[in-house]
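Notes to accompany the following structure.
Treat the numbers as computed from the prediction; the structure is a model and nothing was measured.
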Amino acid sequence: MEKHLVSISKYMSFILRHKPETIGLKLDENGWASATDLIENTTKFKLDLNTIKLVVETNDKQRFSLDNEKGLIRANQGHSVDINLGLEPRTPPPKLLHGTAERFLGSINKTGLTKQKRHHVHLSESSEVAIAVGSRYGKPVLLEVDTKLMFEEGYQFFRSVNNVWLVEDVPPKFIVEKHD
């Protein structure tokens, strides 16, 4: 994705996941907003529907969904604002991965993985994706989560449309640092 589109994608993530009110944008209960309102209320970039579609289609993390029929856009997950993505509980694969920075291991070993200001903890089936996420915060560490045991103990898992696995929290007993 070209540099300008990456900047627009980051901006759209911020607005659609965390601060829609900064541009007067309204999200419905499922996180959908009018693409027209996004275009009209954005002053940081010159947006049009074709640019938004290009960002949605070329975003390597598939962060957004467009409902072309209704002219709506939303972030696929990662919200700190109160919304309901309408995801149904799913049976996860036996193991999933989480990327973090080495400096957070002490806290994770004590409290596990917590959603903090987000709706869920994000897990991945891909070590490359998990390492990339962990790299954003420092020296990356790959954690393996025993999702089979968690599921058996009653934890609910959801999978977003862009294949990110979501769970409320992950207690330390289900986490193992993965070494290759």
Side-chain angles (χ1 to χ4, degrees), residues 1-20 22 31 44-45 54-65 74-83 85 87 89-180:
M1 185 185 298
E2 73 176 63
K3 193 173 182 177
H4 181 66
L5 292 179
V6 169
S7 295
I8 292 171
S9 175
K10 287 180 179 182
Y11 172 78
M12 286 173 38
S13 286
F14 174 73
I15 295 298
L16 294 170
R17 292 165 63 180
H18 308 295
K19 295 285 187 178
T22 60
K44 186 170 181 169
F45 297 97
L54 188 59
V55 168
V56 171
E57 291 167 3
T58 60
N59 185 277
D60 59 340
K61 296 179 182 165
Q62 299 176 330
R63 286 197 166 127
F64 312 102
S65 290
R74 79 171 179 181
N76 287 326
Q77 92 282 321
H79 298 81
S80 59
V81 296
D82 189 24
I83 58 121
L85 291 173
L87 301 174
R90 308 250 331 240
T91 303
K95 305 280 184 197
L96 286 170
L97 304 169
H98 181 83
T100 191
E102 186 176 67
R103 63 190 169 106
F104 298 133
L105 283 179
S107 173
I108 291 169
N109 288 333
K110 289 179 191 165
T111 62
L113 297 171
T114 61
K115 63 183 179 177
Q116 303 193 6
K117 294 181 182 177
R118 305 260 175 116
H119 286 244
H120 295 96
V121 171
H122 295 189
L123 303 173
S124 175
E125 294 180 56
S126 162
S127 58
E128 291 81 16
V129 169
I131 289 291
V133 169
S135 297
R136 295 186 304 192
Y137 305 104
K139 184 178 177 190
V141 175
L142 190 61
L143 304 176
E144 186 175 82
V145 177
D146 187 344
T147 49
K148 180 179 185 292
L149 185 57
M150 284 184 70
F151 185 75
E152 288 170 355
E153 289 193 17
Y155 287 82
Q156 285 193 326
F157 289 84
F158 307 89
R159 191 167 74 189
S160 69
V161 296
N162 59 339
N163 295 317
V164 173
W165 284 90
L166 308 170
V167 66
E168 186 76 17
D169 63 280
V170 181
K173 71 178 187 174
F174 299 110
I175 303 169
V176 175
E177 189 174 339
K178 190 166 168 59
H179 299 280
D180 291 328

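The structure places CD1 of I15 at 15.0 Å from NZ of K10, a figure rounded to the nearest 0.5 Å. Residue L143 holds its CG atom at 5.5 Å from CD1 of I108, rounded to the nearest 0.5 Å. Separating the CD1 atom in I131 from the OG1 atom in T100 is a distance of 10.0 Å, to the nearest 0.5 Å. R90 contributes atom CZ, which lies 13.5 Å from atom CD of Q156 (distance to the nearest 0.5 angstrom). Atom-to-atom distance recorded for L87:CG and N76:CG is 9.0 Å, nearest 0.5 angstrom. Atom CD of Q77 and atom CZ of F158 lie 13.5 Å apart (nearest 0.5 Å).
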Side chain to side chain contact (heavy atoms under 4.5 Å, CB included) assessment of L113 paired with V145: CA-CA 10 Å; L113 297 171; V145 177; 4.3 Å; yes
Worked verdict on V170 versus H98 for side chain to side chain contact (heavy atoms under 4.5 Å, CB included): CA-CA 10 Å; V170 181; H98 181 83; over 6 Å; no
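In this structure the side chain of F14 reaches within 4.5 angstrom of the side chain of T22, judged on heavy atoms. With a 4.5 Å cut-off on side-chain heavy atoms, L85 and H79 count as touching. Between S124 and V133, the closest side-chain pair of non-hydrogen atoms is not below 4.5 Å. Y155 is listed as a side-chain neighbour of D169, based on a closest heavy-atom distance under 4.5 Å.
Considering every non-hydrogen atom in both H122 and H120, the closest pair reads CD2-O, 3.4 Å. Residue N162 comes nearest to Q62 through the heavy atom pair ND2-O, 3.0 Å, listed as atom of the first residue, atom of the second, then distance. Nearest heavy-atom pair across L97 and S126 is CD1-C, 3.8 Å. Listed here is the closest heavy atom pair of F151 and F157: N-CE1, 4.0 Å. Contact record, L96 with E125: CD2-CG, 3.4 Å, taken as the closest heavy-atom pair. Closest non-hydrogen pair, A101 versus G138, comes out as CB-N, 3.9 Å.
Between the R63 side chain and the M12 main chain, no donor and acceptor come within less than 3.5 Å of each other. Judged by distance alone, the side chain of S13 and the main-chain N or O of S9 form a donor-acceptor pair under 3.5 Å.
Ring planes of H4 and F45: perpendicular class, angle over 60° (limits at 30 and 60°).
In the displayed structure, K95 atom NZ is contacted under 6.0 Å by more than 12 heavy atoms of other residues, nucleotides or ligands.
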